[in-house]
Trainee: 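Below is the structure I would like to discuss, written out as C-alpha cells.
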Amino acid sequence: MSNSLDAYLILAGILFSIGTFGFLARRNAISMLMSIELMLNAVNLSIVAFGAFVPSLHNQGAVIALMIMAVAAAEATVGLSIVIAIFRNRRTPLVDEYDSMRQ
C-alpha cells in the first residue's frame, strides 16, 4: 500500500471493527476490556495519521493521542480492578453472571 492517509484510516477502521466485534461477541469481561483497548488504539491511529498528514494538526495530533492513552490507561486500571473484585466474590469472569448483583 502507498504511504497515504487512506491506508492508515482503513487500518484504523479494521482495528475498530475487530474491537467492536470482540466487545459484542465475548462474554468474558477481560476480553471485553481488551476489545475496548483495541478500539481506543484504532482511534489513536487515526488521530496520529491526521496529525501527520494535515499540516494544521501537526502538533495537536500527538497531544490528543497522549491524552487518549492516559484515559485508556485509567480505564484499564479501573475496569480491571472492578473485574478482579467481582471475580473474588462470584468466582466467574463471565458478564452474564454480573446481573445477579442487583438483587
Side-chain angles (χ1 to χ4, degrees):
M1 279 195 139
S2 64
N3 191 13
S4 67
L5 181 60
D6 294 338
Y8 291 106
L9 292 180
I10 289 170
L11 179 62
I14 291 170
L15 286 175
F16 195 86
S17 299
I18 291 170
T20 303
F21 176 75
F23 182 79
L24 295 175
R26 301 286 178 173
R27 292 177 48 205
N28 191 339
I30 295 173
S31 298
M32 293 173 77
L33 286 174
M34 288 172 42
S35 298
I36 291 171
E37 292 296 322
L38 189 62
M39 289 189 284
L40 287 172
N41 285 333
V43 171
N44 265 344
L45 177 63
S46 63
I47 288 174
V48 170
F50 275 117
F53 285 98
V54 178
S56 63
L57 297 176
H58 186 66
N59 294 330
Q60 290 88 2
V63 173
I64 293 171
L66 284 173
M67 291 172 61
I68 290 174
M69 282 191 248
V71 169
E75 174 263 331
T77 303
V78 171
L80 195 57
S81 64
I82 290 171
V83 169
I84 289 172
I86 292 173
F87 181 78
R88 285 183 181 170
N89 291 332
R90 297 285 176 187
R91 297 285 181 222
T92 180
L94 300 179
V95 180
D96 296 342
E97 305 292 326
Y98 294 172
D99 64 350
S100 64
M101 292 176 55
R102 289 188 217 162
Q103 298 172 355

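Positions are given from 1, in the same order as the sequence printed here.
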Trainee: Linking I/L/V/M/F/W/Y whenever their side-chain heavy atoms sit closer than 4.5 Å, directly or via other members, would Val54 and Ile10 fall into one cluster?
Mentor: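 Linked, Val54 and Ile10 end up in one cluster.
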
Trainee: Atom CD1 of Ile36 and atom OG1 of Thr20: how far apart are they, to the nearest 0.5 Å?
Mentor: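 The CD1 atom of Ile36 sits 10.0 Å away from the OG1 atom of Thr20.
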
Trainee: With the 4.5 Å side-chain cut-off for hydrophobic clustering, are Leu24 and Phe21 part of the same group?
Mentor: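 No; tracing contacts between hydrophobic side chains, which count when under 4.5 Å, never links both residues.
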
Trainee: Look up atom CG in Asn41 and atom OG in Ser46, then write down how far apart they are to the nearest 0.5 Å.
Mentor: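 Rounded to the nearest 0.5 Å, the CG-OG separation comes out at 10.5 Å.
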
Trainee: Nearest 0.5 Å, what's the CD1-CG distance between Ile68 and Asn44?
Mentor: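 So the gap between those two atoms works out to 4.5 Å.
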
Trainee: From Ile47 CD1 over to Gln60 CD, what is the distance, rounded to the nearest 0.5 angstrom?
Mentor: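 Here the interatomic distance stands at 12.0 Å.
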
Trainee: Please say whether more than 12 non-hydrogen atoms of neighbouring residues, nucleotides or ligands are located less than 6.0 Å from CE in Met67.
Mentor: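 It does not: Met67 CE has 12 such atoms or fewer within range.
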
Trainee: Compare every heavy atom of Val83 with every heavy atom of Ala29, then report the nearest pair and how far apart it is.
Mentor: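 That closest heavy-atom pairing would be CB-CG2, 3.7 Å.
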
Trainee: Of Leu40, Val43, Leu45, which meets side chain to side chain contact (heavy atoms under 4.5 Å, CB included) against Phe16?
Mentor: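 Only match with Phe16 under side chain to side chain contact (heavy atoms under 4.5 Å, CB included): Val43.
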
Trainee: Decide whether Leu9 and Ile14 are clustered together by the hydrophobic rule: side chain heavy atoms of Ile, Leu, Val, Met, Phe, Trp, Tyr closer than 4.5 Å, transitively.
Mentor: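 The answer is yes; both residues are in one hydrophobic cluster.
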
Trainee: Return the CE to CG distance between Met34 and Leu80, rounded to the nearest 0.5 Å.
Mentor: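 The distance works out to 11.0 Å.
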
Trainee: Which atom names give the shortest non-hydrogen contact between Ala72 and Glu37, and what distance separates them?
Mentor: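 Closest heavy-atom pair between Ala72 and Glu37: O-OE2, 3.1 Å.
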
Trainee: Step by step, would you call Met39 with Leu15 a side-chain contact (heavy atoms from CB on, under 4.5 Å)?
Mentor: CA-CA 7 Å; Met39 289 189 284; Leu15 286 175; over 6 Å; no

Trainee: Evaluate the side-chain proximity of Val48 to Tyr8: yes if any heavy-atom separation is below 4.5 Å, no if none is.
Mentor: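 The answer is no, as the side chains (C-beta and beyond) never meet within the 4.5 Å cut-off.
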
Trainee: Could you pull out the closest heavy-atom pair between Gly22 and Ser35, with the gap in Å?
Mentor: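 Closest heavy-atom pair between Gly22 and Ser35: C-OG, 3.3 Å.
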
